[in-house]
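What follows is a short report on a single structure.
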Amino acid sequence: MKIIAKKDYDAMSEYVAEQLIAQIQQKPDTVLGLATGSTPEGVYERLVKAYQDGRVTFARVRTFNLDEYIGLDKAHAQSYHAYMNEKLFKHVDLDLTRCHLPDGSGDFEASSHAYESALKQYPIDIQLLGIGRNGHIGFNEPGTAFDTATHVVTLDQATVADNARYFKDLAAVPTQAITMGIQTILKAKAIILMASGEAKREAIMRLMSGKVTEALPASALHRHGEVTLVIDAVLSQHVSRHTL
Ligand code: GLP
């Protein structure tokens, strides 16, 4: 795992956005794996700016998101469909028929299979990831088997509590989601995991211990040869103290 330490969140976002822009410039039909949450917001802002400045076109890009809540309408402001539309899709020249998110409604078995088939046809070139405080990736909570494909999950109490900030109260937070599995994520050709701030310290320290365990879903990334961990100074000071 390659580690890139930047001074702060803005510098991390800049670095990751430039990686993605370079990838698209070099391969205009790039397949991007996208994440939600607060962490990638700075990357999306910079991608929009790069598009507006004429530095990049998304016309031939295809995207696959990691996950979506179950029980929220796509039009709900906190659905990941709405998030992606607000943060990226509506601002750039992406062809919406090439933008895929798991379907959080209807027949989950059929939609999970359909998602895996589409991913097989269009393998992800670069997957963007954030990390939950409990080490989850996508919505793969601790204890998830590493060989899982796209599947339905029940969210940990800790994850529901973390996500409550986006909803009017705890009771309004969805408790289930559909997510790419860990095996699905590991099929991406390259992966960029971003983490910033004190809240992610424990998860990143556990990840950097090198121990591969289903108790820490992100540790599966040690089994992939092309992972870049991008962190800020808050986290890098701990990483260097423990790994040098
Ligand atoms: C959610 C998402 C994850 C994301 C995580 C961390 O659980 N499903 O993909 O990585 O939140 O979110 P944040 O970046 O806001 O800390």
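Indexing begins at 1, ligand by ligand and atom by atom, following the structure's order.
Using a 3.5 Å distance cut-off with no hydrogens or angles, the side chains of T30 and Q23 do pair a donor with an acceptor. Side-chain contact check for N65 and Y83: no donor-acceptor pair (N or O, by modelled atom type) lies under 3.5 Å. A donor and an acceptor atom, one from each side chain of T184 and E116, are located under 3.5 Å apart.
Taking the salt bridge (Lys or Arg N to Asp or Glu O under 4.0 Å) definition, one finds that K189 meets it with D125, sequence neighbours left out. Judged as a salt bridge (Lys or Arg N to Asp or Glu O under 4.0 Å), and not counting sequence neighbours, D73 has no contacts.
Counting heavy atoms from C-beta outward, F139 and P102 have side chains that stay 4.5 Å or more apart. Put simply, the side chain of N140 reaches to within 4.5 Å of the side chain of H151, judged on heavy atoms.
Closest to atom 12 (O) of ligand 1 among all protein heavy atoms lies G37 CA, 4.0 Å. Remark: minimum distance from atom 16 (O) of ligand 1 to any protein heavy atom is reached at K200 NZ, 2.6 Å. The single protein non-hydrogen atom nearest to atom 7 (O) of ligand 1 is H136 NE2, 2.8 Å, given as residue, atom name and distance. Here the heavy atom of the protein found nearest to atom 2 (C) of ligand 1 is Y80 OH, 3.7 Å.
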Start with the C-alpha distance between R98 and L94, add both sets of side-chain angles, then the distance that settles side chain to side chain contact (heavy atoms under 4.5 Å, CB included), and finish with yes or no.
CA-CA 8 Å; R98 293 172 189 242; L94 272 163; 5.9 Å; no
N163 and Y69: side-chain hydrogen bond (donor to acceptor under 3.5 Å, both in side chains), yes or no, with the steps?
CA-CA 11 Å; N163 293 344; Y69 289 117; 3.1 Å; yes
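Using a 4.0 angstrom heavy-atom cutoff, R165 counts as in contact with ligand 1. In this structure, R133 falls outside the shell of residues with a heavy atom less than 4.0 angstrom from ligand 1. Distances shorter than 4.0 angstrom do not occur between any heavy atom of M194 and any atom of ligand 1.
Ionic pairing of D232 and K200 is not present here: no N-O contact between side-chain nitrogen and carboxylate oxygen is shorter than 4.0 angstrom.
Checked against a 3.5 angstrom limit, the closest N/O atoms of S38 and ligand 1 fall inside it. Polar contact with ligand 1: absent for T36 (N/O pair, distance under 3.5 Å). For D67, a nitrogen or oxygen atom sits less than 3.5 Å from a nitrogen or oxygen atom of ligand 1, counting backbone and side chain alike.
Nearest residue to atom 6 (C) of ligand 1 from L155, I131, T39, L128 is I131 (criterion: closest heavy atom). Taking only non-hydrogen atoms, the option from P40, G130, G138 nearest to atom 3 (C) of ligand 1 is G138.
Residue-level proximity to ligand 1 for E41 is absent, since no heavy atom of it falls below 4.0 angstrom. At a heavy-atom distance under 4.0 Å, no atom of I137 approaches ligand 1. If you look at A35 next to ligand 1, there are no close heavy atoms at all, none under 4.0 Å.
Close approach of ligand 1 to F139 (heavy-atom distance below 4.0 Å) involves ligand atoms 1 (C), 7 (O), 8 (N).
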